[in-house]
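A quick write-up on the structure given underneath.
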Amino acid sequence: MLTSTHHVDCIVVGAGPAGLAAAHELMRVGRRVVVLERGGSVASSWRTHRPGLRLHTVRRLSGLPGLAIPRRYGRYVSSQNLVTYLEEYAAGIDVRFGVDVAKITRADATGPVSAWVVDTDAGTRYVTDTVVMATGYNRRPFVPQLPGIDGYRGALLHVADYRGGGEFAGRDVLVVGSGNAASEAAAELVSTGVRRVCMSVRTTPHIVRRRIAGVSMQAIAILLDRVPTRLADHVASVLSRLTVPDLSGRALPRPSPDLYTRVARDRSVPVHDTGIVALVQSGAVAPVAAVAGFDGDSVLLADGSVATPDVVLFATGYRRALEKLLAGLGLLDAGGSPLSRSGTAAAPGFYFVGFTVSATGALRQMAGDARRVARAETGRARQPRVHTAAVSGVRAGTVSRA
């Protein structure tokens, strides 16, 4: 039921770092912005991360536009300190909490006006010239529906619900996945007294050192991002062989020399070594074959072997979950990801921010996306504000302007 309608200049969906950066940059060029956040605070997803989580990127290359991250937070910022930084960053931005966006549609206007309608679960409707989707690349935890999983009698959870390895002390844990979340969880599990940690690997990950000869891997990645992909792949492969030992004897062979190809093709970033290499070398973390299915209390692996862990921890990624929100707009590909590049117009007045996977750092990428949106909106011809009666479906309720 429609309860009220509000006309606003710009709507940003999501109050994480991407949404806050977009709001800041649009405000900087004179736009009036309202941020809609379904949680009760800014950076709500960052607040749920396990204690001890730190950024892989360096502090000085991870700040959002207009505010550097304080030096006192150290080189690699903790999730708790990042939340504090984002709270400070949000000061002065109109964020409306507890607002769950249900659907976004194009306005059925009687004239040349390009406008969007944002409906919420509570019945509030926003009519706006500009929409920025900043709900994040990792919105909904994904657990693959493998054969037999529904009948599995052991403990299953996703890394999004993992709060630290102490709860599994003295038990056997199988980590499913081999990305950053998987390797960090495996390392922490070892440090908190888990009896045995195995890591199920489907595709050998690229592992990179955080620093090479005193230079951050992020800075190197930024340089390689400016050269042809084939050359970047070659340089990354050489650096890997020089800095990361061969783990083939531990069932983790060297990956193909395609690090940057994989980032672009599969949206898969390299694993930053926060201790996983030494743990695999020592046998503290044992790589095993990919999970093929489940049978009772057993986990069936792709090489025909069987594992019987006490806990299966899925680090199998997330989904964008935008299909329902953006149904019928033609803005998403078959996998539910934006068709357009983050920071560029997906349609007149509609942008995605924070959906680019890059080896150069997610926060740095979000900042660049936000700046591009502001530049595009500065140059976009402004139209007269849409009148309530011109919007299909608006029949009753309070009308206000923000």
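These numbers come from the heavy atoms of this one structure, side chains and all, not from hydrogens, waters or symmetry mates. Not measured: the values here are computed from a predicted model.
Using a 4.5 Å heavy-atom threshold, the side chains of I11 and I104 count as separate. Side-chain contact between L174 and V291: present, with at least one pair of heavy atoms (C-beta onward) separated by less than 4.5 Å. Residues L64 and H24 are not in side-chain contact: their nearest non-hydrogen atoms beyond the backbone lie 4.5 Å or more apart.
Closest heavy-atom contact between F355 and G136: CE2-O, 3.4 Å. The shortest heavy-atom contact between V357 and S268 is CG1-N, 4.2 Å. The heavy-atom pair separating V132 from A22 by the smallest distance is CG1-CB, 3.9 Å. Here the shortest heavy-atom pairing between A18 and G354 reads CB-CA, 4.0 Å.
For T130 and R31, the side-chain atoms include at least one donor-acceptor pair closer than 3.5 Å. A donor and an acceptor atom, one from each side chain of T274 and H272, are nowhere located under 3.5 Å apart. Side-chain contact check for S337 and R320: at least one donor-acceptor pair (N or O, by modelled atom type) lies under 3.5 Å.
Ring centroid separation for the pair H158 and F314 does not come in under the 6.0 Å cut-off.
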(request) Give the C-alpha distance, both sets of side-chain angles, the deciding distance and a yes or no for side-chain contact (heavy atoms from CB on, under 4.5 Å) between R254 and T204. (result) CA-CA 7 Å; R254 285 196 182 277; T204 303; over 6 Å; no

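Under a cutoff of 6.0 Å and an axis angle of 45°, R59 and Y73 do not form a cation-pi pair.
Checked options P205, S200, P287; the residue passing with S178 is P205 (criterion: side-chain contact (heavy atoms from CB on, under 4.5 Å)).
A salt bridge does not link R265 with D233: none of the charged nitrogens is closer than 4.0 Å to a carboxylate oxygen.
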